[in-house]
Novice: 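Take a look at the following structure, please.
Note: hydrogens, waters and symmetry copies are ignored here, and every other heavy atom, side chains too, is used. Naming convention: chains lettered A, B, ... in sequence-line order (proteins, then strands); numbering from 1 in each chain.
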Number of protein chains: 2
Amino acid sequence: MKDIAKIAGVSINTVSRALNDKPEINEKTRRRIKRIARELNYTPNSIAASLASRKTKTIGLIIPDICDPFFAQQARGVEDTAKEEGYSVILLNTDEISEAELKAVATLRSIRVAGLMLTSVFPGTDHIENLNKQKVPLVLLNRRCQEIDTNYVINDNQKGAYKATKHLIKLGHKKIGVILGPQRITSVLDRYVGYKKAMAEAGIELSEKYIVYGENLKPSTGEILAEQLLRNNPRPTAILAYCDSLAIGAYAAARNMGLSIPEELALVGYDDIPYAQYFEIPLTTVAQPAYNMGKAACKIILEKIKLGGDEKDLESQHIVFEPELVIRKSCGAQVQIESSWSDY
Amino acid sequence: MKDIAKIAGVSINTVSRALNDKPEINEKTRRRIKRIARELNYTPNSIAASLASRKTKTIGLIIPDICDPFFAQQARGVEDTAKEEGYSVILLNTDEISEAELKAVATLRSIRVAGLMLTSVFPGTDHIENLNKQKVPLVLLNRRCQEIDTNYVINDNQKGAYKATKHLIKLGHKKIGVILGPQRITSVLDRYVGYKKAMAEAGIELSEKYIVYGENLKPSTGEILAEQLLRNNPRPTAILAYCDSLAIGAYAAARNMGLSIPEELALVGYDDIPYAQYFEIPLTTVAQPAYNMGKAACKIILEKIKLGGDEKDLESQHIVFEPELVIRKSCGAQVQIESSWSDY
DNA sequence: AACGCTAACGTGAGCGCTAACGGTAACGCT
DNA sequence: AGCGTTACCGTTAGCGCTCACGTTAGCGTT
């Protein structure tokens, strides 16, 4: 930039104005400067720009595991919307480990991200309050926060689980096991509540033995938990999994134990990952619009960034998507054939 | 940091030394300064640090689409290794669009990433040469580069495709169609060569009609291309897909056309995404160690960063992983039952 | 006692940019 | 003619750190 200024015979500031398309500059000089910049193969140093302007063009995204297609789709939604406005996204996986989340938030704070989307697994709120204090826009993805008011984007977890459970009940099941995730996660609680509500409405008593919690959302965990459920006597005739990833583990467990799905075990998942329809026994599941949820979260962030911590911007945004039960074979209901593949 | 210095009664520099664990400082003052920093809830500004030191702690990862589980696993491998050394990764999706790749490289250059991993879809080399000129460590992921010598991490694409094709031939197939990706991608070429080699060895003549190229690697593209292949007369009895994502589309195409797999159509994919084994007709495919490939790529980057553009470090690294044919039902061969789920 | 040496800290300059302000010429207006 | 006004550009002062020095006190050494 200094070199450009020297060659163009103008001040550094003018070069900055030209390259950043500021208004107070002659159109000819702008073009000339841009040409020189191109000839010099100049790459703007956004680090320096960030330091000087105290603004960055990066936002952070903290999720449990990008390998889970549900989060991958959300990440894609985030990245696409961020890119539209010239923002880059830094991705951090936590594996549902609380300490990893704290560390992730710390590094992103130090990188001075302009905003932050968080699928939180941490029970505390200190890190969230810190962000608020520093006026870093935050939206919780897939999570609510009971203690403090924050932006969030979720699907109606309670309703989704309610729908799924009710569906199983309608199919005649009474002994319905449920595989949940870490208990500290709000959406786990919400889906549990939905399950409980449906059971209560049907007058079915809950059994502690039919409710298991996992430390993460990986299929291997689902497999262990499903086996645990299926060793009960009497054995549950249906399983509701917190998410499709865990449901995949349940498939494996059933296979291990020689149980056929759906005849001997009905299975319902949550998320509707794109592969669920292609399984040997296509998975009945509760669909969430993952991509659009990511988009929505990012849009909120972008909006808040533009407002720039404006005092008038007091209210936080809450977007709740509608969950939709997708009935396939794994639950044992009648099904119609699915249409073509629709990309992630 | 200034505030800390004032409170501690030392210079800013001493604070910097304390916080960054530099050696030339008294252990007591260090602890005292760290305590004060904690009390003030101080967050280091890595932007300023980067500008002053001309080093950043972020690396870039450019891939076609994070929603493809294969790339998701690679991304995970990258992120995990980066995190170990305190680096963050910026993720950019290109959707196999060349312009998107150029733009991605440009933004990452301007962010001054310390290193860059690239699953390139761009035929040119200008952007790569620019990175070399600026001494930004680069490793190509899943791609080679014919023109210039660069680091790369791939699997032996030619051999993998050769194995898969040979397997189909051994099963009695002669009319083997192949669904490829964008022609400009090196791995597409390599897999095509492997296919061609196996066909030649078996004395089977190639037919242009049985070779189709897609503009991207999405299932919907695979569906269209598979239908195109299957409308041929005589119809191919087997299809080799460039990747599992495209193979998924082939499943849909077969369903649409009322063809049963593997009886009327044998299908083989590439990548071995974790869901392939759970499909209605489990997918025979060529496995790549995606996670470890990501790890390997990131390790090279980290190494190169440490060397810091050392003149002696002339040679680039080439890591080639061994592809492994995983035989399941979709090809029509005899199969054994798969074991438990192993996480992504 | 005079010397060097080292541990521990301070000083100053600067990384590459932005933002606020200041200056100047050219123009129009009364 | 004198005034304000606008368009354009330069100047200055940082942003919050790091790095290469310079400095000082305290120590051992001969």
Novice: Does anything in residues 6-25 of chain B reach DNA chain C, meaning a heavy atom under 4.0 Å, and if so which residues?
Specialist: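 Correct list: B:Gly9, B:Val10, B:Ser11, B:Asn13, B:Thr14, B:Arg17, B:Ile25.
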Novice: Which side chain to side chain donor-acceptor pair (under 3.5 Å) pairs, counting each pair once, include a residue from residues 47-62 of chain A, with sequence neighbours left out?
Specialist: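 Not a single pair qualifies under side chain to side chain donor-acceptor pair (under 3.5 Å).
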Novice: Can you tell me how far P of D:dC17 sits from CD1 of A:Ile111, to the nearest Å?
Specialist: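 The distance from CD1 of A:Ile111 to P of D:dC17 comes to 15 Å, rounded to the nearest Å.
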Novice: List for me each residue that meets salt bridge (charged side-chain N to carboxylate O under 4.0 Å, His left out) alongside B:Glu85, sequence neighbours excluded, and say none if there are none.
Specialist: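 With sequence neighbours excluded, B:Glu85 shows a salt bridge (charged side-chain N to carboxylate O under 4.0 Å, His left out) to B:Lys306, given in chain and number order.
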Novice: Of the listed nucleotides (D:dG14, D:dC9, D:dG16), which one gets closest to any side-chain atom of B:Ala48?
Specialist: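 Minimum distance to the B:Ala48 side chain belongs to D:dG16.
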Novice: Between A:Asp126 and A:Lys133, does any NZ, NE, NH1 or NH2 come within less than 4.0 Å of an OD or OE carboxylate oxygen?
Specialist: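 No, this pair does not count.
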Novice: Whole Å only: how far is the CG atom of A:Leu51 from the C1' atom of D:dG16?
Specialist: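 These atoms are roughly 6 Å apart.
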Novice: Bend across the helix from C:dA1-D:dT30 to C:dT30-D:dA1, to 10°, with axes taken over 5 pairs at each end?
Specialist: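 Roughly 40° between the end axes, to the nearest 10°.
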Novice: Of B:Thr29 and B:Ser53, whose closest DNA chain C nucleotide lies nearer the 5' terminus?
Specialist: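 Counting from the 5' end, the first nearest nucleotide belongs to B:Thr29.
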Novice: Does any residue of residues 30-47 of chain A have a heavy atom under 4.0 Å from DNA chain D, and if so, which ones, in number order?
Specialist: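 Heavy-atom cutoff 4.0 Å gives no residues at all.
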Novice: Sorted by first residue and then second, give each ring-ring contact (aromatic ring centres under 6.0 Å, His included) pair with at least one member in residues 118-142 of chain B; sequence neighbours left out.
Specialist: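 Those involving residues 118-142 of chain B are B:Phe122-B:His127.
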Novice: Go through the structure and list residues passing side-chain hydrogen bond (donor to acceptor under 3.5 Å, both in side chains) with B:Glu84, not counting sequence neighbours.
Specialist: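 By the side-chain hydrogen bond (donor to acceptor under 3.5 Å, both in side chains) rule, B:Glu84 matches no residue at all.
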Novice: Looking only at side-chain N and O atoms, does B:Thr186 offer a donor or acceptor that is under 3.5 Å from a partner on B:Gln146?
Specialist: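 On atom types as modelled, these side chains do not qualify, holding no pair under 3.5 Å.
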Novice: Is it true that B:Asp65 and B:Lys218 have a side-chain N and a carboxylate O under 4.0 angstrom from each other?
Specialist: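 Yes.
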Novice: Whether A:Arg184 and A:Glu215 form a salt bridge (side-chain N of Lys/Arg under 4.0 Å from carboxylate O of Asp/Glu) is what I want to check.
Specialist: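 Judged by the 4.0 Å cut-off on N to carboxylate O distance, A:Glu215 and A:Arg184 do form a salt bridge.
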Novice: Starting at the 5' end of DNA chain C, which residue's closest nucleotide do you reach first, B:Arg112 or B:Asn26?
Specialist: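 Checking each residue's closest nucleotide, the 5'-ward one belongs to B:Asn26.
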Novice: Could you tell me which residues satisfy salt bridge (charged side-chain N to carboxylate O under 4.0 Å, His left out) with A:Arg143, sequence neighbours excluded, listed by chain and number?
Specialist: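 Residues passing salt bridge (charged side-chain N to carboxylate O under 4.0 Å, His left out) with A:Arg143: none at all.
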Novice: Reading DNA chain C from 5' to 3', where do the contacts with chain A start and stop? Cut-off is 4.0 Å to heavy atoms.
Specialist: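 Reading along DNA chain C, I get C:dG16 to C:dA20.
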Novice: What residues form a salt bridge (charged side-chain N to carboxylate O under 4.0 Å, His left out) with A:Glu79, not counting sequence neighbours?
Specialist: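 Listed in chain order: A:Lys83.
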Novice: Under the side-chain hydrogen bond (donor to acceptor under 3.5 Å, both in side chains) test, which residues partner B:Arg30, sequence neighbours left out?
Specialist: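 Testing B:Arg30 for side-chain hydrogen bond (donor to acceptor under 3.5 Å, both in side chains), a comparison that skips the adjacent residues, returns B:Glu27.
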Novice: Can a side-chain donor-acceptor contact be found between B:Asn216 and B:Asp95 if the only test is distance below 3.5 angstrom?
Specialist: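 No pair is found: no donor N or O on one side chain lies under 3.5 Å from an acceptor on the other.
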Novice: Is B:Asp149 salt-bridged to B:Arg144, cutoff N-O under 4.0 Å?
Specialist: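 A salt bridge is absent here (no side-chain N lies under 4.0 Å from a carboxylate O).
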Novice: Taking only Lys NZ, Arg NE, NH1 and NH2, and the carboxylate oxygens of Asp or Glu, determine whether A:Arg35 and A:Glu39 approach each other closer than 4.0 Å.
Specialist: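 Here A:Arg35 pairs with A:Glu39 in a salt bridge, since their nearest N and O are under 4.0 Å apart.
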Novice: Just to be sure I understand the geometry, which residues of residues 102-110 of chain A put a non-hydrogen atom under 4.0 Å away from DNA chain C?
Specialist: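 Within this stretch, nothing sits under 4.0 Å of the strand.
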Novice: Any idea which heavy atoms bring B:Ile4 and B:Leu19 closest together, and the distance?
Specialist: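 Minimum heavy-atom contact is CD1-CD2, 4.5 Å.
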